[in-house]
Amino acid sequence: MASIKFFLLLLLSAGFSAMASAAEDVTGLWQTIDDETGQPKSIVEITEVDGSLQGKVVKLLLKPND
């Protein structure tokens with residue numbers, strides 16, 4: 001029984017480690033979503049410059065009537 005608990009603990013800690021590694025890198029392209037309509041609004045690029053995160057809108061996703 002102790003070996004099963006150890007295996008589950010090992011499995012869980014490996015999963016949390018993988019999630020923590022993936023969560024650290026937020027750089028890249030992100031899509032923003034309108035809170036009211038749930039529709040995409042823009043594409044934002046997040047970069048790291050001198051240890052700081054910076055974001056800029058690279059594309060607006062406008063509808064024809066906007």
Stepwise side-chain hydrogen bond (donor to acceptor under 3.5 Å, both in side chains) check, T27 with D25: CA-CA 6 Å; T27 60; D25 187 20; 2.6 Å; yes
Steps toward side-chain contact (heavy atoms from CB on, under 4.5 Å) verdict (Q54, E45): CA-CA 8 Å; Q54 298 181 358; E45 182 181 22; over 6 Å; no
Residues V44, L29; criterion side-chain contact (heavy atoms from CB on, under 4.5 Å); working and verdict: CA-CA 6 Å; V44 175; L29 296 175; over 6 Å; no
Residues forming a side chain to side chain donor-acceptor pair (under 3.5 Å) with T47, sequence neighbours excluded: none
Close side-chain approach of I43 and V57, heavy atoms under 4.5 Å: no
Spacing of NZ belonging to K59 relative to CG belonging to L61, to within rounding of 0.5 Å: 6.0 Å
Interatomic distance, D35 atom CG to K41 atom NZ [nearest 0.5 angstrom]: 7.5 Å
Closest non-hydrogen atom pair, L60 against S42: CD2-CB, 4.1 Å
Gap between atom CD of E48 and atom CD1 of I46 - 0.5 Å precision: 11.5 Å
